[in-house]
Amino acid sequence: MKNIIIYSFIVGTLFSFNSYADDNSSSITLPVNVNLSAIQEKINQSIPSRIETIDMNNHKCVEAKWLKTKGIPKCSMKGIKIYCKDRWIKTKTTPSISCDVDGAIDRDGAVRLSGKGSSLSVTVPIKASVTAKGRGVIGKNIQQTVRAATEITASLVPTIDESWNVAVAVDTNYRWTKRPEIKLFNLIPVTVSSHVDPILKKELKKLEESLPGILKEARIKENVGAAWRDLQQPKLLDKKTNTYFLFTPQGVGFSQINISNNIMQATFSIDGHPQIFTADKIPNVTEKPLPKLGSVKDSKPEVFVELPIGISYKEIESQANGFLRKSDPINLDAHGYEGSLKLSNVKLVKKDEGLKLDVDLRIKKSEGWLRKIDIFGWLDVKGTANFNLKPNVDSEKNIIYMSDFTLDSETDNVLADVLVDVANLKLIRSMIEKQLSYNFSKDVVSAKSQITQALNNQLTDDVSLAGNVTSVSIQTVNSLKNKLEVPVRLVGAATLNVGL
């Protein structure tokens with residue numbers, strides 16, 4: 001029997017250490033698809049072509065007929081009263097006719113299996129050929145053959161109990177499409193269905209008893225069990241980084257059986273915890289046995305995966321310092337100060353829930369005769385400004401930017417008054433804010449590629465995972481010790497195909 005099992009992922013989060021969902025548990029929906037043609041073939045194999053042979057000798061095909069007439073009443077006297085009782089006389093008008101009845105009941109073609117909703121329907125076409133040979137003085141020259149047709153039907157509602165047993169509620173019946181009836185002398189009807197009916201009822205009983213066993217040929221427990229075991233094995237995603245994908249199952253639930261387009265689909269759900277992690281070697285996993293079957297909640301077959309993108313402070317500093325080295329000094333004459341300002345040496349560190357920014361400022365005085373002799377820069381004003389700021393994320397453009405710039409109290413004690421004033425200029429703040437913005441679109445593309453790879457994997461020779469990411473969303477950015485972390489949520493769909 002060739003089955004295809006499809007597992008649709010409904011994952012709450014792929015990271016146990018950082019979750020959007022309140023519940024860290026995830027679910028994988030497993031629609032187990034069984035082609036009804038395979039079950040139909042099994043039913044055909046279980047019902048032989050020759051169902052029964054009929055061999056009945058000296059059977060009374062035609063009952064004798066009697067005429068009932070009123071005779072002389074029987075009377076008696078009690079006291080002075082006379083009591084009479086009717087008397088009936090039975091006279092045989094036609095004798096009974098005995099027959100030897102021979103024949104066979106056969107399957108008339110292939111068994112048909114169909115279904116809709118949660119019910120299966122089995123139809124077994126039956127044909128009967130019966131010959132009656134008369135006996136005795138009257139019947140010895142009589143012989144007639146009749147052919148009849150009927151259909152045995154069985155309606156089944158399969159389900160699965162907590163011990164993984166396939167249970168079937170069966171309602172069987174049959175109907176004659178052509179009744180087995182003979183007319184002797186073309187006048188006297190002789191019905192032989194009384195001989196055929198017990199045989200058909202026996203076949204109905206056999207069919208009821210055999211169908212649960214035939215449905216077990218779908219090997220539903222074995223197929224779900226294979227998926228349960230395969231999901232527990234770590235899957236290597238990236239050799240260079242030794243990145244693995246692992247799903248740790250916790251329980252299995254059963255939802256329903258639905259039949260459509262000649263496919264019977266049993267829907268299951270595996271609950272558990274998925275992870276993506278790095279390791280020097282493939283970790284050993286203690287395999288959990290397949291548990292008892294429980295119930296399942298309705299779920300939409302989607303993948304929800306959270307993947308944190310980390311951007312180190314050094315990476316942002318390098319981008320900002322590279323720009324500042326190449327940029328021209330800022331002319332301060334238009335802002336009430338003489339000279340030009342050069343920014344350099346940007347440094348970021350975590351502070352409370354936000355960041356602290358250190359940036360070197362240097363003001364060169366305007367050109368004049370003192371500037372010409374100040375070859376050592378003694379007339380320059382320089383120092384380090386300390387800002388407190390808050391990282392933010394633009395989820396549409398995939399950009400991290402800074403806001404809520406405030407000068408740290410340390411700055412006033414380190415810099416000259418003129419540098420404090422300059423550092424507070426909106427122009428300076430805007431320039432620093434611009435250079436600290438960071439576009440992490442390439443990281444989102446990389447994350448999407450990594451998750452797509454995780455959802456498109458040959459798990460074993462017979463099991464393959466196929467899926468795609470349909471949307472990406474970002475909610476926040478977090479300040480960590482050495483980096484900013486952006487949790488990226490990817491939504492998609494995946495199927496696990498098992499060819500058995």
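All values below come from the heavy atoms of this structure, side chains included, with hydrogens, waters and symmetry mates left out.
Open room surrounds NZ on Lys347; 12 or fewer heavy atoms of other groups in view lie less than 6.0 Å from it. Around atom NZ of Lys342, more than 12 heavy atoms belonging to other residues, nucleotides or ligands sit under 6.0 Å away. Annotation: Gln45, atom CD; neighbour count of heavy atoms from other residues, nucleotides and ligands within 6.0 Å is above 12. The number of heavy atoms from other shown groups lying within 6.0 Å of CG (Leu480) is above 12. Counting heavy-atom neighbours within 6.0 Å of Lys442 NZ, excluding the residue itself, gives a total above 12. Within 6.0 Å of atom CD in Glu353, 12 or fewer heavy atoms from other residues, nucleotides or ligands are found, so the atom counts as exposed in its surroundings. Residue-environment remark: NZ (Lys434) stays at or below the threshold of 12 foreign heavy atoms within 6.0 Å.
Counting only distance, with no hydrogens or angles, the side chain of Asp161 and the backbone of Asn165 share a donor-acceptor pair below 3.5 Å. Side-chain N or O atoms of Ser318 include none that pairs as donor or acceptor with a backbone N or O of Lys314 at under 3.5 Å. Checking side-chain atoms of Arg229 against main-chain N and O of Pro289 turns up no donor-acceptor pair under 3.5 Å.
By the 4.5 Å heavy-atom criterion applied to side chains, Met431 and Leu343 are counted as neighbours. Contact of the Val472 side chain with the Arg489 side chain is not registered, since no non-hydrogen atoms from C-beta on lie closer than 4.5 Å. In this structure, Val111 and Val122 have side chains that are in contact, with non-hydrogen atoms separated by less than 4.5 Å. Proximity of Glu485 to Ser479: side-chain heavy atoms (C-beta onward) are nowhere separated by under 4.5 Å. Contact annotation: the side chain of Lys288 approaches that of Gln232 to within less than 4.5 Å [non-hydrogen atoms, C-beta and beyond]. Between Leu120 and Met264, the closest side-chain pair of non-hydrogen atoms falls below 4.5 Å. You'll find the side chain of Thr159 stays beyond 4.5 Å of the side chain of Ile257, heavy atoms only. Between Leu236 and Ile282, the closest side-chain pair of non-hydrogen atoms is not below 4.5 Å.
Checking Lys351 against Asn388 by side-chain atom types alone, a donor-acceptor pair falls below 3.5 Å. Residues Asn392 and Ser403 bring a donor and an acceptor atom of their side chains to less than 3.5 Å of each other. Of the N and O atoms on the side chains of Ser118 and Asn258, not one donor lies less than 3.5 Å from an acceptor on the other residue. For the residue pair Thr384 / Asp360, a side-chain donor-acceptor distance below 3.5 Å is found, with atom types taken as modelled. Glu315 and Tyr438 are linked by a side-chain donor-acceptor pair at a separation below 3.5 angstrom, with hydrogens and angles left out of the test.
Screening residues 474-483 for salt bridge (charged side-chain N to carboxylate O under 4.0 Å, His left out) gives no qualifying pairs among residues at least two apart or on separate chains.
Taking the six-membered ring where tryptophan is involved, the planes of Phe405 and Phe387 are perpendicular, since the angle between them exceeds 60° and thus also 30°.
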